[in-house]
Trainee: 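To start, I am sharing the structure in question, which I have written as structure tokens.
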There are 2 protein chains.
Amino acid sequence: MARIAGVSLGTASNVLNNPEVVAGPTRRRVQEAIAKTGFVRSTAAHQLRVGRSLTVGVVLLDLANPFFGEMVRGAEGVLRDKGYVLMVCSSDESVDQERRYLRALEEHRVDGLLITPVERDLKGLVALSARGVPTVLLDRDPGGLGLCSVTVDDVRGGELAAGHLLELGHRRVGFVNGPLSIRQCADRRTGAKRAFRWAGLRPEDGLVEVTVPALTVDHGEEAVRELLAKKPRLTAVMCANDLLALGVLRGLAGAGVAVPGDMALVGYDDVAFASMLSPPLSSVRQPKYELGASAATLLLEEASEGAHEHRSVRFEPELVVRASTGSALRTVAGSRYRKARAGARPQSTGAVEGT
Amino acid sequence: MARIAGVSLGTASNVLNNPEVVAGPTRRRVQEAIAKTGFVRSTAAHQLRVGRSLTVGVVLLDLANPFFGEMVRGAEGVLRDKGYVLMVCSSDESVDQERRYLRALEEHRVDGLLITPVERDLKGLVALSARGVPTVLLDRDPGGLGLCSVTVDDVRGGELAAGHLLELGHRRVGFVNGPLSIRQCADRRTGAKRAFRWAGLRPEDGLVEVTVPALTVDHGEEAVRELLAKKPRLTAVMCANDLLALGVLRGLAGAGVAVPGDMALVGYDDVAFASMLSPPLSSVRQPKYELGASAATLLLEEASEGAHEHRSVRFEPELVVRASTGSALRTVAGSRYRKARAGARPQSTGAVEGT
DNA sequence: GTGAAAGCGCTAACAT
DNA sequence: ATGTTAGCGCTTTCAC
């Protein structure tokens, strides 16, 4: 023990926590002893005294999913500088597993919790928060309950995708969407319709929906037959996610339909391989890293402030334009949409990436 | 506190840890009190007494990389049932960051450590292990030092890829590889050559190497010109990873070369989108989940056994055959390779996935 | 079967 | 400026 090697005891603690209060020579002596004995302080004992575990719990659906991986990196980026270590848990979309982990994290007395909850009922989390564990919801609306949250505006995302196609002059747009019971799917649909209305068009006329049971490549590919059968013929397709878009892309290739020549295509999520497809896929990106980083920041706020005002941060998705949507279909019509949109709101924050 | 609500103190502890030693009625009374007061035991205090933190540290290069994400899931799968929670840390390939995290994890008294070390010198980890923290290396050879490890046989992987093409009858095979300073690249190359020798062929004649500075899509695409210029003409190409393969695929498409008709193509890693390409890409898969799971198992062994024998587990990569390598070029020649290979070792554990 | 008491490693208040 | 002491919440003898 550093104490035996040195000469004091409680002073050693000061060397670690209030170095300035210890006299130079003493301090050095203690530090030497620490180095020599290979002393490493115990967080557990520290926690028992001080009440902070220097630990933050993160519960998400599946760490193997790059979406969550990147989000965690965002949180880690801000939290590690504050000396926190992350306890990361995959609930696997199981309410039971989630409960077990929440229990374990509470036993560990995490100083905060970031969670994408699978349980519909949030009252357990509200209670946890009331018990003094700062809690931030990830990609989930707190629905008026007293919780912080960080979400992405999926309505806006749907609007961006549809709006982009409208700007390019498309007036007959297919929309391959998943079940509306998934909140994200419903929201993106709402956004797409809104884009049509902004353009002075009726969604019922121009937005042709094809609903598939799951957001997979295969379902996307199957949807192509239906898309091509529509009359009058579609000139563009938007999809509820990139996997569907990839399937559509493959289906179109099989049918000899050129993208973007005969059909423009835009996905959603901007997954890693979207930029690698042929042609590279235009898509709507979610700020995954920022999502995590901002959640962590909210957490720190809630942990430091005495009386805390719960806050909800909503991120704007970002349109990433690539080759799959090509250039304007008819210049004149394109400008019409742009004009209708102008002045309504800050212009779309679309980023353009090389082909 | 449960104690006040109930009637005893140290007995409450027994209700939690040795329920059978407590009389029925008493036990029930305590449990009620626990439920009513919302008591949650403190791991920290527990740890202070018992010495176990119920925590395992995981240090990897980047959690946003799906390779690591999946590996962590493997570890989580076996560890969570034992009541452990994972402290996951991304070193970002920074030696400094790695050291900081290792320090923090040791302060937390993790019961074990899984790490993909960035620091070349492993003596810090050996010391840590000697100090009583069971440590398992992930995807890194312990080089004779006393540490457990879990790795994947990249030589074998290279052999699988090349062997597959040889079995199909290809005799002029391009190999787009990264810098040999990367251990994985060097190993895969060694394996590819070995496959040629097994087939009774000289690698110098049949294996045509193209080295690129980095394993990216763009470098793959650029390599195509060089590949197509080779005489006599190549009939197949293998790549050191899937990104390169994707680039090659794109380049070939641009040059009007059909895959697999005019050129067979096999990648490495079997990333998520390999199966989604057109045509779906044959590749060599690393058992990511199993890597993590097996590392965790090793950790548990090391933690439980008194005198521990350090073990190294080496995984066999797995050939995933998809459409990009098509069918045999010339049946006769194909069988020649197969015959040479037979009996040499347990046959390749290749899995076949739908087109 | 249950209670009482010591102590894990640390920090903060107090005494010197 | 340094040493002394109490106690964080728990487990674990050891009496009863």
Side-chain angles (χ1 to χ4, degrees), chain A residues 1-55 83-85 103-111 131-133, chain B residues 1-55 83-85 103-111 131-133:
Chain A
M1 197 58 51
R3 296 83 199 277
I4 299 177
V7 267
S8 45
L9 179 149
T11 307
S13 176
N14 279 329
V15 176
L16 293 174
N17 305 300
N18 309 62
E20 70 282 359
V21 91
V22 181
T26 323
R27 196 191 328 156
R28 242 158 292 146
R29 206 144 29 90
V30 175
Q31 281 164 340
E32 273 172 36
I34 287 180
K36 189 161 57 195
T37 59
F39 169 84
V40 179
R41 67 116 80 58
S42 156
T43 312
H46 174 96
Q47 168 184 355
L48 212 52
R49 240 355 296 237
V50 182
R52 299 194 313 141
S53 64
L54 302 179
T55 271
Y84 290 105
V85 172
R103 176 52 171 262
L105 292 178
E106 198 174 358
E107 294 188 344
H108 277 286
R109 299 288 191 273
V110 289
D111 294 332
R131 253 174 277 143
V133 183
Chain B
M1 198 58 55
R3 295 83 197 274
I4 299 177
V7 265
S8 45
L9 179 149
T11 307
S13 176
N14 280 329
V15 175
L16 293 175
N17 305 299
N18 309 64
E20 70 282 1
V21 91
V22 182
T26 322
R27 193 188 332 151
R28 242 157 293 146
R29 206 144 29 90
V30 175
Q31 281 165 338
E32 273 172 35
I34 288 180
K36 189 161 55 195
T37 61
F39 169 83
V40 179
R41 67 118 81 52
S42 157
T43 313
H46 174 98
Q47 168 185 355
L48 211 54
R49 264 308 338 214
V50 184
R52 300 193 312 142
S53 65
L54 303 178
T55 271
Y84 290 105
V85 172
R103 176 52 170 263
L105 292 178
E106 197 175 359
E107 294 187 344
H108 278 286
R109 300 286 191 274
V110 289
D111 294 332
R131 252 174 277 143
V133 183

Trainee: Applying side chain to side chain contact (heavy atoms under 4.5 Å, CB included), name anything that partners Arg52(B), two or more places apart in sequence or on another chain.
Mentor: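 In terms of side chain to side chain contact (heavy atoms under 4.5 Å, CB included), with neighbours along the sequence ignored, Arg52(B) is linked to Leu54(B), Tyr84(B), Asp111(B).
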Trainee: Using a cut-off of strictly less than 4.0 Å between a heavy atom of the residue and any atom of DNA chain D, enumerate the qualifying residues of residues 40-50 of chain A by number.
Mentor: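 Leu48(A), Arg49(A) - these, ordered by number, are the residues of the stretch whose heavy atoms sit under 4.0 Å from the strand.
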Trainee: For a quick check of understanding: with a heavy-atom distance under 4.0 Å over all strands, which category does Asn14(A) fall into, base, sugar-phosphate or nothing?
Mentor: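 Since no nucleic acid heavy atom lies under 4.0 Å of Asn14(A), the category is nothing.
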Trainee: OP1 or OP2 of dT12(D) sitting under 4.0 Å from any side-chain N/O of Ser13(B)?
Mentor: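 So the side-chain polar atoms of Ser13(B) never come under 4.0 Å of the phosphate oxygens OP1 or OP2 of dT12(D).
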Trainee: Between C1' on dT11(D) and CZ on Phe39(B), what's the gap in Å once rounded to a whole number?
Mentor: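 Taking atom C1' of dT11(D) as the reference, CZ of Phe39(B) is at 12 Å.
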Trainee: For the pair made of CG in Asn18(B) and P in dT2(C), what is the distance, rounded to whole Å?
Mentor: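 My rounded result for the distance is 13 Å.
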Trainee: What pairs with Arg103(B) under salt bridge (charged side-chain N to carboxylate O under 4.0 Å, His left out), at least two apart in sequence or on another chain?
Mentor: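 Here the qualifying residues are Glu107(B).
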Trainee: Whole-Å distance between dT11(D) P and Leu16(B) CG?
Mentor: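 It works out to 6 Å between those atoms.
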Trainee: With Ala35(B), which residues qualify under side chain to side chain contact (heavy atoms under 4.5 Å, CB included), at least two apart?
Mentor: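 By the side chain to side chain contact (heavy atoms under 4.5 Å, CB included) rule, Ala35(B) matches no residue at all.
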Trainee: May I have the distance from Asn17(A) (atom CG) to dA13(C) (atom C1'), rounded to whole angstrom?
Mentor: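 Computing the Asn17(A):CG to dA13(C):C1' distance gives 15 Å.
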Trainee: Distance check needed: dT2(C) C1' versus Arg27(B) CZ, whole Å only.
Mentor: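 Taking atom C1' of dT2(C) as the reference, CZ of Arg27(B) is at 14 Å.
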Trainee: What residues, two or more places apart in sequence or in another chain, satisfy side chain to side chain contact (heavy atoms under 4.5 Å, CB included) together with Arg109(B)?
Mentor: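 Applying side chain to side chain contact (heavy atoms under 4.5 Å, CB included) to Arg109(B) gives Val40(A), Ser42(A), Gln47(B).
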Trainee: Please give, in whole Å, the distance from dG9(D) P to Glu106(A) CD?
Mentor: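 After rounding, the reported distance stands at 14 Å.
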Trainee: Among the candidates dT2(C), dT11(C), dT11(D), find the nucleotide nearest to the side-chain atoms of Leu9(B).
Mentor: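 Nearest to the side-chain atoms of Leu9(B), counting from C-beta on, is dT11(D).
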Trainee: Please confirm whether the shortest side-chain N or O distance from Thr11(A) to OP1 or OP2 of dT2(D) is below 4.0 Å.
Mentor: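 Thr11(A) to dT2(D) OP1/OP2: no side-chain N or O under 4.0 Å.
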Trainee: Which residues pass the side-chain hydrogen bond (donor to acceptor under 3.5 Å, both in side chains) test with Arg131(B), sequence neighbours left out?
Mentor: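 Scan of Arg131(B) (side-chain hydrogen bond (donor to acceptor under 3.5 Å, both in side chains), adjacent residues dropped) gives Glu106(B).
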Trainee: Grab the two heavy atoms, one from Ala104(A) and one from Val85(B), that are nearest each other, plus how far apart they are.
Mentor: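 Closest pair (atom of Ala104(A), atom of Val85(B), distance): CB-CG2, 4.0 Å.
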